[in-house]
Each structure stands twice: as C-alpha cells, then as structure tokens.
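Proteins come first, then strands; the chains are lettered A, B, ... in the order of their sequence lines, and each starts at number 1. Values in this document were obtained by computation on a predicted structure and should not be read as measured data.
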There are 2 protein chains.
Amino acid sequence: MRRPLIRKLEKFTRLSQADKDMLLRIAAQRVRRFAAREDIIHEGEKPEFINLISEGWACRYKTLQDGRRQIIAFFLPGDLCDLNVFVLKEMDHSIGAITPVVVSEISRTAFDEMMIGHPRITQALWWESLVAAAIQREWTVNLGQRDALERMAHLLCELFIRLEAAGCTSNSSCEFPLTQTELGETLGMSTVHVNRTLQELRASNLIVLKDRTLTIPNLKALQDVALFNPNYLHLDREGRHLDANEE
Amino acid sequence: MRRPLIRKLEKFTRLSQADKDMLLRIAAQRVRRFAAREDIIHEGEKPEFINLISEGWACRYKTLQDGRRQIIAFFLPGDLCDLNVFVLKEMDHSIGAITPVVVSEISRTAFDEMMIGHPRITQALWWESLVAAAIQREWTVNLGQRDALERMAHLLCELFIRLEAAGCTSNSSCEFPLTQTELGETLGMSTVHVNRTLQELRASNLIVLKDRTLTIPNLKALQDVALFNPNYLHLDREGRHLDANEE
DNA sequence: AATGGAGATTAACATAGGTAAGGTCGTTGC
DNA sequence: GCAACGACCTTACCTATGTTAATCTCCATT
C-alpha cells in the first residue's frame, strides 16, 4: 500500500503498470529488517546488494579515528543506496538504521534484469542517483557557507520536501525521528548549539518540533531563512515548480 | 603525450591498446579552451556534453543569493564532469576554469559508442564516477568535523594524491594554482584564516607553498595531522595501498 | 619611473559556536 | 518502588574563527 519509491520516481517520469509491477516484484525478493541504531552495512565490507529503504529512516555516516562522527546522508522511505556500488571493492563508510527499518536487498542480477526492457525505470533510477549526488553537493554548500540557523533551516526544508515526494507527510507535518545528537552530527555542530538553534526557530514560529513530529507552518518562510533553492532536488517534471502546489 | 585520464583509469584496471586508442580518439573529437576564471557551463543551462578536463584545473561551484560562493569540487587533469548528466534538465551549479583549461566535450552519442564493445572502459568510468561521489562525501566529513588545520591538511593530501594518480607530480611537488581566496571558498573559512592556517602548516614544516608550487616533504606526517585515510579514493587495484610506493 | 591591481600578510577586535557541568522528565528493567 | 538511562534543555565560561582594515610584494602597464 505504501510505495514510496514508485511515488517518488513518478515525480520524474510516468511509469507503466508493468514498470510498477516489476519494481514491486524486485523489492519483494529479499526483505530484511533492522533495529534502530543497527548497522545495515559497515565500512570495510564488500557491498553485495543495492539497498532500498522501504520503511523507516537510515543514514550514511563516517567515523574519524578519534571517534568524531559525521552523518553524510539520510535515507528516507523510497531511497536507494548506491546504484553502482558493485564496482567498488569495499565500503568506505557505513550505513546505519536510525529508526527500525525495512530494507529490500537488490542483487546485481535482479538489478540488471530490471534494467532490461524497462527503459523508463532505468532512466528514473539514474535520475534518482543524480539527485542523490546533487543533495550531497548541496550539503557541502550548507556546511561550508551557511551559519547554524540557516543550516538547520535548510536541512529541515530538504527533509520535508523529500518526505513529501515520498508521500510521507500530511499537511504541513511529518514524523521526525532525529535526536539532537544526530542533528549535530549532521550539521557539524554541538548538541548545545543544535538546541539553541532549534529554540530560535521555534521562537520565530518557523517550526513546531515536539514528540518526534515536525510541523512547518510556513514552508516558504523557512526556505527564506535557509536561502533554500529547491532546484537541486530536480523535482519539476514539466517545468512545474515546487512552490506550486503538488498533485 | 600527457594522458592523465588513461593514467588514472589504469590505477583501477588494465586497458587494452584498443581501449586507449578509443579514449584518445573520443577525447580528440571536440576540444575547447577556456581562460582562467571563465565559466565552462553555468547554473541553469542544459548540459549537452560530458566534459573531460585534459589540461588545467577547474571547479564546480555554487553561489547563494547573497553572493557567498562555495567550491564544491575540483577537476584536475583527467577528471570527468558528470557522466550521466544527460538525464537532468538543467544544471543546478556552475563549472568554472581556475587556470586556463583544455576541455574535451564528449557528446551523448560518442559516449554511448565508447561504452559499447569496451567493457573495461565502461567499468573504469563507473569507478571514476563512484570515486568522485566518495570524494564529495569526504568533503562533507571534512567541513563537518575537522577544524581549520585538519581541513586544510586534508585537502592538500587529497589534491596531491589525485595529482599523483594523474601523473601531475614530480617527487614531492606539484603545481598548485589555487589562491587563498579559492581555498577559503573551498574550506568554508575566511581568507585571513586560510592565511593563518597555511602559516601554521609551513611553520611545522609540513608544507612548502610558494610561487604556485606545493611541496609536501613528508606526506605521511601531513596525513596524520589531517586524519587522512586514503581508502575513499579507491586507488588500490590489488589490495595494494597508497603508502606503498606507486609504480 | 610612476601607477595600479591582485594576492598575501598582519594586527586588533568581535562573535558564533564549543565545552563542561548539571538539571528535568519519561521509560525501562528489576 | 527505585535505579539507570537517554533525550532534552539550560547556564556559564572559553576559544576558534570571522571582520575590518591597513600594509606589503610582486607584476604588468603606461
């Protein structure tokens, strides 16, 4: 019933019923569950599968020798980890569950099989992987140029819009399972400063964040604070833009 | 005579003579030159070609509305910009020359032609693009977790090792055309602090940087300061490691 | 030789954000 | 029931880094 990948890919292109059936079939082949905080794959291992997150939140992260940890990316429902990972000999980072997650493991043969005869899927998956790269670039800008408030606002905008594309929002709210520690590891700031920054956003009525639920009463206003330009998410299928209402 | 791309790809796999001839032929088809500081492609344009930097340095960058600029990646001789860029409708960032550069433009058809019948090339190009993604991730870690000194040291290590892979170093030196302003835009720090940081590295005899030439007398020592782990560059073809001597 | 500009350097001062410590609250386990 | 814990929040203090602005050094022009 929840098909976040399909929902997301259809932001980019139209899929036939056969395409959708194929995606659902592949995703059903090998399903694994992980507990919150459990590693899905660890640095140094040889990757054997493409992982599709079908439920829950996960993250890519790296740890320095002295223990500092940086979260490099979030995987939300419908996100794929590393389409072409088969080329590499070993993982240079880890992927860990944030909440309990359900993951579909896609083998190389299943993946190749899917690409053959489904050009729409193929193209849509390339799009998804290019968007992932664009997000990584935007994070570089975020960490390099924006101050704490802008940075936090930018992250919240991005996550909200991505969740919306996957069908995981209702009105102006979404589940938001990240702890302040995880936010700090993402944005390169201390938990104390994460807290200060969230307080400031709350005081300006830009966000409501309580009981693992995030509400953004006025997305446009938050985007303005963040200097957020959604173009890097490439969600506009026909020159349609994100500030126009969706669906 | 200088074939940085081939040299680099051979770090990953062996190429046949036919493979090399093909690469050289493709690269010779459309050659363009750009002056230093000139844009190769600008945000908002529709990308028509894969760009191969054959001489000089270029960078990917993004500018915020208020003018702050972040350099997101460097392109060194032998680097390719965005293999699969044909999928996207418009650039979400710009690519600019740092020095005068020579660029080979590779059209979609030329690219497809090259992939057919040259599986080694195909695989090597995927490898190159996955390494580019890994570098982007490492930059996220760099900006998020390392302090100014570590950050600078890390960048210098990375650039030196990449230049080495492209055959652009001699002994422990390489050309280094970046201004302190550009270093600041890369590392998210003010030019004043870039200057302080470079002084500190010089004072510790970790680098010699003068007249656009960088010398790293003791790479291992600089790597230690940077908490630099070269695994993300995936340069070890047979489990060989970078600290072992190359070639 | 004088002029001008880009880049590098330095100093004096200001501040965003880090560190350390501790407190509250709710949940889990015994 | 209470101990232990994890998330969160807060305060006080400290430091890495930013800001501003002045100076210096090369080069390239004229």
Tell me the interatomic distance from [X], atom [atom1], to [N], atom [atom2], rounded to whole angstroms.
X: A:Leu183; N: C:dG17; atom1: CG; atom2: C1'; answer: 16 Å
X: A:Leu178; N: D:dG6; atom1: CG; atom2: P; answer: 18 Å
X: B:Leu201; N: C:dT9; atom1: CG; atom2: P; answer: 13 Å
X: B:Asp147; N: D:dT15; atom1: CG; atom2: C1'; answer: 12 Å
X: B:Met189; N: C:dA8; atom1: CE; atom2: P; answer: 13 Å
X: A:Phe176; N: D:dC8; atom1: CZ; atom2: C1'; answer: 15 Å
X: B:Leu149; N: D:dT15; atom1: CG; atom2: C1'; answer: 15 Å
X: B:Met152; N: C:dA8; atom1: CE; atom2: P; answer: 11 Å

Which is true for [X] with a 4.0 Å heavy-atom rule: it touches a base, it touches only sugar-phosphate, or it touches nothing?
X: A:Thr179; answer: sugar-phosphate
X: B:Arg202; answer: sugar-phosphate
X: B:Gly188; answer: sugar-phosphate
X: A:Arg212; answer: sugar-phosphate

Looking at B:Gln136, B:Gln70, B:Arg60, which hits side-chain hydrogen bond (donor to acceptor under 3.5 Å, both in side chains) with A:Thr140? B:Gln136
Given C:dT19, D:dG18, D:dC8, the nucleotide with the shortest approach to the side chain of A:Gln180: D:dC8
With the threshold set at 4.0 Å, does a side-chain nitrogen-carboxylate oxygen contact exist between B:Glu185 and B:Lys62? no
Do B:Glu38 and B:Arg32 meet the salt-bridge criterion of a basic N to acidic O distance under 4.0 Å? no
Quick check: on DNA chain C, is the nucleotide nearest A:Arg146 upstream (toward 5') of the one nearest A:Val192, or the reverse? Name the residue that is more 5'. A:Arg146
Any side-chain N or O of [X] below 4.0 angstrom from OP1/OP2 of [N]?
X: A:Arg37; N: D:dA7; answer: yes
X: B:Gln199; N: C:dA8; answer: no
X: A:Arg196; N: D:dA12; answer: no
X: B:Asn195; N: C:dA8; answer: no

In Å and rounded to the nearest 0.5 Å, what is the CG to CZ distance from B:Leu187 to B:Arg151? 6.0 Å
In terms of relative ring orientation, are B:His154 and B:Tyr232 parallel, tilted or perpendicular, with 30° and 60° separating the classes? parallel
